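Input: a single structure, listed below in C-alpha cells.
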Amino acid sequence: MNTKVIKGRKIVEGIAEGEALVTKEPISFMGSINPKTGYVIERGHEIEGQCLKGKVLVFPRAKGSTGGSYMLYDVVKNGVGPVGIVNVEADSVVVIGAIVADLPMVDKIDIGEIETGDYVVVDGNNGVVKVQKRDNDTMGD
Amino acid sequence: MNTKVIKGRKIVEGIAEGEALVTKEPISFMGSINPKTGYVIERGHEIEGQCLKGKVLVFPRAKGSTGGSYMLYDVVKNGVGPVGIVNVEADSVVVIGAIVADLPMVDKIDIGEIETGDYVVVDGNNGVVKVQKRDNDTMGD
Amino acid sequence: MILTDEEKRMLDGQYGDLVRKSMKILVALGEIYGAEKMLDINNVHSPGVSYRVAGDAGLNFVKDASVAGRFEVPVTLNTIGIDSENWEELGFPRCFALKQLELLQAYHTMGAISTYTCTPYLVGNIPLRGEHVAWGESSAIAFVNSVLGARTNREGGPSALAAGITGKVPAYGYHLDENRKGKYLFKVDIDLKTDRDFAVLGYFAGKIAGTDVPVFEGIKRRPTLENLKALSAAVASSGAVALYHIVGVTPEAPTTEAVIGKQEPIRFGKKEYEEVVAKFSLEGDIDFVVTGCPHCSINEVRRVAQLLAGKKVKADFWICTSRQVKTLADKMGYTEIIREAGAQIVCDTCPVLAPTSSKGYKKLVTNSAKLAHYAPGLWNLKTGLIEIEDCVEAAIKGYWGGKV
Amino acid sequence: MILTDEEKRMLDGQYGDLVRKSMKILVALGEIYGAEKMLDINNVHSPGVSYRVAGDAGLNFVKDASVAGRFEVPVTLNTIGIDSENWEELGFPRCFALKQLELLQAYHTMGAISTYTCTPYLVGNIPLRGEHVAWGESSAIAFVNSVLGARTNREGGPSALAAGITGKVPAYGYHLDENRKGKYLFKVDIDLKTDRDFAVLGYFAGKIAGTDVPVFEGIKRRPTLENLKALSAAVASSGAVALYHIVGVTPEAPTTEAVIGKQEPIRFGKKEYEEVVAKFSLEGDIDFVVTGCPHCSINEVRRVAQLLAGKKVKADFWICTSRQVKTLADKMGYTEIIREAGAQIVCDTCPVLAPTSSKGYKKLVTNSAKLAHYAPGLWNLKTGLIEIEDCVEAAIKGYWGGKV
Ligand code: F3S
Ligand code: F3S
C-alpha cells in the first residue's frame, strides 16, 4: 500500500480522512456550493454536480464572497459538507469557516499529487497530508 | 491735499470711492454682516455695530463660510453694501461675490496705511488704491 | 503572537465566554498567518447577515453570541436576504423572511448598525487612509483597501463578529506594508468608459490574480466612484482579490515602479474584453433585469430613471440599492418614475443574497460582472453582461438582440 | 490663461448665455490667481442653497440660471434654510420657507441632487485621492482636501454653479501641489479624545493660520471621522482654512518634514485649550441645545439617543443631521427615543443657515466650535462650547453649571 506523506502548513487542528474530491479551480463556498445538499452548483465548474459530503475537498485556493465562512460552517453542520480541506494557499474566508466548524485543514500542499478518489488523511495537528493512491489494485495489503 | 497711491493687485475691475471703514480682523460676509441692513453683527468684532453702506471696506482677509459670496452679492444688491473692497490677501469666496456684484476690488495692499474715515479711491482696473488722509484739516485744497 | 495583558485576560475568559471564544478565533487566525500582535480597530463591516448565507448554523451562532455579546466598536451590517420594508409585496417567502428578521434581531441586540448594504462607503462608513478595520463583503473590501487606502483582510462572518466584540484583529495580510505591493501588472490598452467596462477588466484580472494584488496601468480617463465600485466587485468574484492599484489614481500607486517595480505587463485589450463578455452573452427573450451590484449610487438610480421615464417594462427589473440612497431617490422623484415604468427599487438585498425567486426566471441581463458570475449557479438561469442603457432597453422590450 | 478651443467656444457664448457667463466668472477667477489653464471636474458640492445665505439676489441669480441651465456634472446641494419635510411643525416662518422652496426648485430644474447636507461625504459623495472637484461649504472643503486628499478651492455659490454648468474650474490654489504644503506647524501637547477637543484645536489653529495650511503633530490617538469632521468645521470658522495636515493620519503628511520641513511648532496645550473654551463659556439657565454642526453621523445620533433614553428635556434640543442619516436613525429606533425625550431630529438645515427663531433663545450650548462662533451674531444669544454628554445633561436640566 503506497501512501505518500506530504508536509504542509497546519491550519485547523484535528484528523480527518476520506475519499478526495480534487479540483484545480478555486472554490467559493458562497456561490459554488449548495449548503443544503453539499452539491457543487457553480455553472461550468470543473466539479460541477459533484457532492462534497464526506469527502476531503482538495482545491488550490478560494475565491469570491466573504459569505463563504458561514456557508462552509452551514454545509458542515447540515451533515453534507467535506470532512477536511487541503489547499495550496488557504484564504482567510475559508480558514474562518473551518475554525468555527472544527474542520481539519492543511495548506501549502502541492495538490497535483492528489487525485479524486485517492484516500486521504488530513492531519491538522502536524500539517501533514497522507495520500493512498486510488488505482492501487491490490486492496488490503 | 496729500493723497497716497498704493500699488496692489487688481481683483475686480471698476472704480469706486468713498469713506474707508478699516478693520484689522478678518471678515466673513456670512456671519459678520447682516445682509438686510449692512451692519456688522459679529459679536466682539473690531467694527461690530458699524454699517458698510457706501463705505470702502478695508480688511486683511476673509474667514468662514462659503456662503459669503452670495451674501456679499445680496448686501450690495440691497443697497446697503460697501462700494469697494481692499484686502491684504483676497479670498476666493469674497472674490466670487465681488465678481458677480461688479464690486471694484484690489488686494496685496498694506492696509496699515489706511484708517477709518480716510477718503479712498479703489481703482480695480489698475490695481491701485488712492488714500486721502482723513485728519487733513485744510479741506478742498 | 505576543498578546498584551488585556488581550490575555480576554482570551482567559475574564470578560465572559463570548469574548474568550472571539479572541480564540482571532488568535487562531493570527497564529496561522504568522501575526506578531493584535491591532486595535474601531470599524467593522459584517458579512454573513443574509439568512441565505448564514443558514441555520450561522443563525444559531449569532443568536448564541447575542445572549450576552455587545459590540465594542461600530459594526455596520452588509446586505441581507430580504427588502426589510416591502419583502411581502416583492414576494419573498415568509418562512425565509422570518428567519432573516430573527437573525437581524440578534445583530441589533449586540448593537449593530442596520445599513444592510454592500456599499457602506456610500452611507457614511468611510475608513481613513491607513486605518486598520475589519471588513467583510468582498466588493467592499477591495474598495476600502484599494480606493480609500484603509487596511483590512477578507473577514468572514465569525471573524467580523469577533472583531466587533473585541475591537481587535490579528496583524497579518493586508494590515502589513509588505503585503500591499503589486504582484500582477496589467496594461490596459483600450479606453474604459462605463461601469461594465471596469467590471469586465476586473473579472479578467481577478481570475489571473487570484488572492494576489493586481496593478493596472494605462487607464487614461480618471475612473468615477461607480467605475471603481464595479471593478471592486468583479475582481473579488472571479478571484479573491482584496487589494488592487490603479497607477496615478489609487493612493498607494503614484507610479508603477513604486507599487510593483519593473515587470512585463499582461495586456488587456479588445480581445480579452470580448472573451469575458462572451462568457456572459445571451440573446432572445429576457425575463429578469438587475442593476445595482454592488448597490446603486444616486447617480446610477438617476441614470435608470432618466432611461425609464415614460416607458413600461416587460421584464421584471430590480434596481438594488441601500435604504439611504432610496430616501434620496424618493425625494428626487426617481422612485416614482421607476415604479410607474413597472420596475422595482429593491433595498437591503440583491438576487445573490436573497432566496432564489419562485418565478423561475430563465434569462437575466445585468451590467455587473459579479451578478453575471453568481446568478447562473444560484438562480439556475443564463446571464448577459451588457451596458446599463442596454439593460433598460432589454427590460422595456423584454428582449435582447445580443450584440456585444 | 490658455483655453482649449472648446473652452473658447464656451466663453464666446456658442453654448448659450449661461455657459458664457459661467466661463466668464471662472476665467476672471483664473486670471486673478494666475491659473494657466482650466481643469475638468466631475463633482460639485454647491453652497448658497439656503435662502438665508442666497437672499433675494442669490435667488434671482439661480432662477435666471435655471431658465436654460442644466448641470453637466453631478452637483450635490449643501444645507438649506428649512427642514424640507416638517418645517411647519418646527415653526419655520412660512414666507421664508416658500422662498427657500422656490430656490430649491431652481436648483432641481438644473439637475442638482437634493442631499441638503454639509456632510456630502456621509451620504455617498466621496471624491477620490487627488481628484479635482469644485466644493463649497467651508467644513466640507477642509474635510475633502485634508482627509480624503481630493483637491478643491473655497467655491462660493456662483463659482460652484459655474463649475456645475461647465464642468470646469481654473487650475489655481489647492489644485496645485505647491500650494498644498504646510505653513504653520502646531504641536499638540494634550490628549485629544472628543469631538469638542478637536473643535477647540481647530478653532485655535484657524485663527492663527487664517487662509494658510496648518500642520498638526503630536496627536497620539488616531482621530475618528467625527473628530475630523469637528476639526474641519472649526478651522474654517475662526479662519478660512481649506486644507490641514495631521502627521501620520492624513494622506499627504506621512511625516512632518514631508509636508512642512523643519519649523519651531506653535504649542497647543492645556492653557490654549482653556482660552478657546473660555471664549464660549456660560452658566445658568439654558434654553437651546444644538448638536450636529456639521450634520451628525449615525454614531453621534446613537450616542445622543443612548443619553436621552427614558429622560425628558427642559430646553429645546436640536439634533441636526442629513435626511439619509435620519432614515437609518428611524430604522434603529433612535428617532423615536429622541422624540419621546422631547428633543428634535432636524434634517436639511441648522441654526446658522435657518432663519433666526422667533422663540428668542438666550443661551445655547453645543459641542461645535463653528456653531458656538456663528450663533451669537446670527441668533443674538450667548453660546457655551461643551461636551456632547454635557449638552444632553444641560438639555435635561435646562441648566448648565459652567464647569469647563
Ligand atoms: S451584496 Fe452587493 S456586491 Fe452584489 S452580490 Fe449582492 S449586490
Ligand atoms: S451647514 Fe453644517 S457645518 Fe454647521 S453651520 Fe450648518 S451645521
Side-chain angles (χ1 to χ4, degrees), chain A residues 9-13 25-36 39-45 48-49 60-81 87-102 105-108 124 127, chain C residues 21 24-25 28-29 31-33 46-50 52-62 78-79 135-141 153-160 162 172-173 206-207 210-212 236-242 279 352-353 370 373-378 380-383:
Chain A
R9 174 174 64 168
K10 77 185 180 90
I11 301 294
V12 177
E13 286 150 0
E25 293 178 15
I27 280 188
S28 168
F29 281 93
M30 154 66 178
S32 310
I33 315 296
N34 177 333
K36 298 276 180 294
Y39 276 90
V40 178
I41 55 169
E42 183 180 343
R43 199 58 53 76
H45 196 283
E48 185 185 358
R61 48 180 168 70
K63 65 177 179 184
S65 160
T66 53
S69 304
Y70 274 134
M71 292 191 94
L72 171 55
Y73 180 53
D74 196 36
V75 76
V76 168
K77 281 266 178 177
N78 292 339
V80 289
N87 283 160
V88 172
E89 181 66 38
D91 172 54
S92 57
V93 172
V94 176
V95 169
I96 292 152
I99 289 175
V100 288
D102 293 320
M105 182 173 171
V106 172
D107 82 338
K108 306 287 182 195
Chain C
K21 272 196 286 185
K24 189 164 169 293
I25 291 175
L29 259 174
E31 300 288 357
I32 291 164
Y33 288 106
S46 175
V49 193
S50 159
R52 177 169 192 155
V53 166
D56 289 321
L59 173 57
N60 296 329
F61 187 91
V62 178
N78 195 42
T79 313
W135 274 33
E137 170 47 46
S138 57
S139 64
I141 290 164
N153 286 316
R154 280 163 47 88
E155 303 296 348
S159 64
Y172 75 95
K207 206 162 180 40
T211 53
D212 293 316
S237 308
S238 57
V241 169
K279 217 173 116 55
V352 171
L353 294 190
K370 177 168 184 179
H373 170 77
Y374 282 111
L378 296 174
N380 199 5
L381 43 68
K382 267 181 73 66
T383 55

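Quick caveat, the model's predicted, so the values are computed rather than measured. We name chains A, B, ... by the order of the sequence lines, and we start the count at 1 in each one.
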Quick check against the 3.5 Å criterion: does C:Y374 have a side-chain atom that pairs as donor or acceptor with the backbone of A:S32? no
For the residue pair C:Y172 and C:Y33, categorise the inter-ring angle as parallel (less than 30°), tilted (30 to 60°) or perpendicular (more than 60°). parallel
Which atoms of C:S237 are under 4.5 Å from chain A, going by heavy atoms: the side chain, the backbone, both sets, or neither? backbone
In terms of heavy-atom proximity below 4.5 Å to chain A, should C:S238 be classed as side chain, backbone, both, or neither? backbone
Select one option (side chain, backbone, both, neither) describing which atoms of A:K63 are under 4.5 Å from chain C's heavy atoms. both
I need the residue from A:P26, A:G64, A:G44, A:P60 with the largest number of non-hydrogen atom pairs under 4.5 Å to chain C. A:G64
Could you pull out the closest heavy-atom pair between C:L59 and C:A54, with the gap in Å? N-CB, 4.1 Å
Tell me, for A:S28 versus chain C, whether the close heavy atoms (under 4.5 Å) come from the side chain, the backbone, both or neither. side chain
Name the option with the most non-hydrogen atom pairs under 4.5 Å to chain C; the candidates are A:K77, A:E13, A:K10, A:M30. A:M30
Would you mind checking which part of A:A90 comes under 4.5 Å of any heavy atom in chain C, side chain (CB onward), backbone (N, CA, C, O), both or neither? both
Measure across A:N34 and A:V75 and return the closest heavy-atom pair with its distance rounded to 0.1 Å. O-CG2, 4.3 Å
Given heavy-atom pairs under 4.5 angstrom as the criterion, report whether the side chain, backbone, both or neither of A:I99 touches chain C. side chain
Quick one, A:V94 with A:M105, criterion side chain to side chain contact (heavy atoms under 4.5 Å, CB included). Give me CA distance, side-chain angles, the key distance, then yes/no. CA-CA 10 Å; A:V94 176; A:M105 182 173 171; 3.7 Å; yes
Backbone N/O of A:V93 and side chain of A:D91: donor-acceptor pair under 3.5 Å: yes
